[in-house]
Amino acid sequence: MAQIKAEERSKNQVVEIPSQVTVRELAGILGINPIELIKALMSIGEMVSINQTIDYDTAAIVAAELGFKVRPAGAPEEAKEEAAEEGALPLWRQWLLQEPPEALQPRPPVVAVLGHVDHGKTTLLDAIRHTNVAAREAGGITQHIGAYQVEYNGRTITFLDTPGHAAFTELRARGAKGADIVVLVVAADDGVMPQTREAIDHARAARVPIVVAINKIDKPNARPEEVKRQLAELGLMPDEWGGDTLMVEVSAKEGIGLDELLEAILLVADSADLKANPKGRVFGTVIDAQVEKGRGVVATLLVQNGTLRVGDVVVAGTAYGKIRAMFDYQGRRVKEAGPSTPVSVMGFHDLPKAGELFYKVANEREARQIVEERLEKEKARQEQRQVLSLEELFRRFQEGEVKELRLVVKVDVQGSLDPIVHAIEKVGEQSEIGVNILRADVGPITRDDVMLAAASKAVVVGFNVKPDAAARKTAEAEGVSIRTYRVIYELLDDIERALKGMLEPEEREVFLGEAEVLAVFPSSRYGKVAGCRVRRGVLRRNERVRVKRGTETVYEGVIASLKRFQEDAREVREGYECGVGIKGFKDYHVGDILVCYTIEKTQVEG
């Protein structure tokens, strides 16, 4: 691409950036000196070389810092929602980058509070808000998604109180990434737990900065220094040890350290320079939605740009509605809500999904048209749904859509974890496609592993472990590939072949139907054919068949001929009689069972 001097560009010109780009290529696209670009990247904490590849998220942020408007390469002028599915930057951030820079104003930070169950997330928010939400929760565990605002030193902070990392993942899996900062709550007497590690994984995958709240320091057995050591081992180095993660010791119960925590949040927010245009396009994220008796659909929305008003018509996924009433986080009626403000609204005709982007449209007619088109697309997408297998990832690499193989690795014992991770990383170093291990942990493959893979377009790899029932069901619904192995060399060979584009699809036998032989007839073409009745499923011509005599399989072949009343049939279903000719076989016995099956190539589980 011909270089254009940055100062010669129109302020309103939008620059297209690929999903993956080297620093040298990005400098050419922006028309600036690569050294200037490297300095700008260093200023936002990215230490890179001129030939290093960065993702769209990083490129878009540094380009915006340099005064450019950007959008994903290949996206139309008005960004489409599908772009958010593949691009690293969520759609609402893409739209925000299209707002005039001079119209942007500072906005409150949006904070997601994550951590292990019972480590005090909601109790911490109670202390900050001086309310008592936790006492109203069943068993003291958060049962819903809430959004709240607090005032501190004349500034507003918006908190998302979630039931844990799972809800955060659901939001991110749909491309929301609504939070600007994650507060990771870790109990000082309990330390790092499985859900703590999972929350860290999700925050990192979403590229959201983390502030750690070490809670329950009032307890006699509190070990805050040990917690810091555990977190440092996971890559969260405390700032007091020379790292870049702010860690604050608090006691939600005793009200200790709350001011320091809020100051840390505002410090991180200031470094992120969070802005929005209150007069611009109205859009945001659906936080939660439910049907309430006497009120209909009540949705919690987080406004991220513009000002939402009563009477506005909004679309969220395949739901739409005209806002009839709006309430703030304290239940008070309001007429409008600006950026970073959570509100509950009434007026949706259907339940929008958590994590969906909502935006204002001109009228209900336009909203209906958008929803109808989306329903048609969703129907077609479901019919063509494809598991994101290793082969599919390589195809996307060849087409320039991805530049790395993302993996979630689960193993049976701790002793196997490090050797397998190091071996996988070594294979990746020898390939032009990088390997990015999002999570490496011990234990069975869980639904959370699958959700992390779905949100990050990754493959789940298991060594001597299997997925549980919930993980299998979620993998099927989300189109996530799960591969399991018992021999490490097979695992490494598969990854190496996938990186080279040579991985052979696995084969799986799928039962179609079975029939009982009732009579045997002579045939000039096949020698003999079997008169059968289909007992289960369906028999299909040209599909494979197994002839069973008692417990023994006497022949395996292909159904070459299938007839109903002397007429050729493509298939015959349960309860009907038919004539079956099997190529190369004529030794039928009355009472034989013909089992019809097909072979599918699959990557769902190795």
Derivation and outcome, salt bridge (charged side-chain N to carboxylate O under 4.0 Å, His left out), residues K473 and E476: CA-CA 5 Å; K473 185 175 180 181; E476 184 177 346; over 6 Å; no
task: Write down the atom of V208, the atom of A179, and the distance for their closest heavy-atom approach.
output: CG2-O, 3.9 Å
- prompt: Using a distance-only test with no angle check, is there a side-chain donor-acceptor pair under 3.5 angstrom linking T156 and E151?
  reply: yes
task: Go through R439 and D448 one step at a time and tell me if the salt bridge (charged side-chain N to carboxylate O under 4.0 Å, His left out) criterion holds.
output: CA-CA 11 Å; R439 171 182 297 164; D448 188 75; 3.0 Å; yes
message: For a quick check under 3.5 Å, do T285 and Q304 share a side-chain donor-acceptor pair by atom type?
response: yes
field: Test salt bridge (Lys or Arg N to Asp or Glu O under 4.0 Å) applied to E225 - qualifying residues, sequence neighbours left out
entry: K228
- prompt: Do T446 and D449 get their side chains close enough for a donor-acceptor pair, meaning under 3.5 Å?
  reply: yes
- prompt: In Å and rounded to the nearest 0.5 Å, what is the CD to CG distance from E425 to N436?
  reply: 9.5 Å
- prompt: Say you draw a straight line from CG of L262 to CG of L266; how long is it, rounded to the nearest 0.5 Å?
  reply: 7.0 Å
message: With salt bridge (charged side-chain N to carboxylate O under 4.0 Å, His left out) as the criterion, how do K353 and D288 come out once you've worked through the C-alpha distance, each side chain's angles and the decisive distance to 0.1 Å?
response: CA-CA 7 Å; K353 294 179 181 177; D288 191 17; over 6 Å; no
query: Atom CG in N305, atom OG in S340: separation rounded to 0.5 Å?
result: 9.5 Å
Donor-acceptor contact below 3.5 Å, side chain T474 vs main chain A470: yes
query: Is it true that atom CG of D239 has more than 12 heavy atoms of other residues, nucleotides or ligands lying nearer than 6.0 Å?
result: yes
query: How far does CG of L104 sit from CG of L96, to the nearest 0.5 angstrom?
result: 6.0 Å
message: Can a side-chain donor-acceptor contact be found between Y152 and E263 if the only test is distance below 3.5 angstrom?
response: yes
query: Can you name the closest pair of heavy atoms from I482 and A471 and give their distance?
result: CD1-O, 4.2 Å
- prompt: S344 and T300: which non-hydrogen atoms are nearest, and at how many Å?
  reply: OG-OG1, 3.8 Å
task: Using the side chain to side chain contact (heavy atoms under 4.5 Å, CB included) rule, pick out the option among L184, I210, L236 that qualifies with M247.
output: L236
message: Applying salt bridge (Lys or Arg N to Asp or Glu O under 4.0 Å), can you list everything that pairs with E490, at least two apart in sequence or on another chain?
response: none
- request: Could you tell me whether the side chains of Y485 and N464 share a donor-acceptor contact shorter than 3.5 Å?
  value: no
message: Using every non-hydrogen atom in the two residues, find where V465 and G443 come nearest and quote the distance to one decimal.
response: CG1-O, 3.6 Å
message: Test salt bridge (charged side-chain N to carboxylate O under 4.0 Å, His left out) on D441 and K410; report intermediate values, then the result.
response: CA-CA 5 Å; D441 207 351; K410 298 298 290 287; 5.4 Å; no
- prompt: Any donor-acceptor pair under 3.5 Å linking the side chain of T484 with the backbone of G462?
  reply: no
field: Exceeds 12 heavy-atom contacts within 6.0 angstrom, atom CZ of R486
entry: no
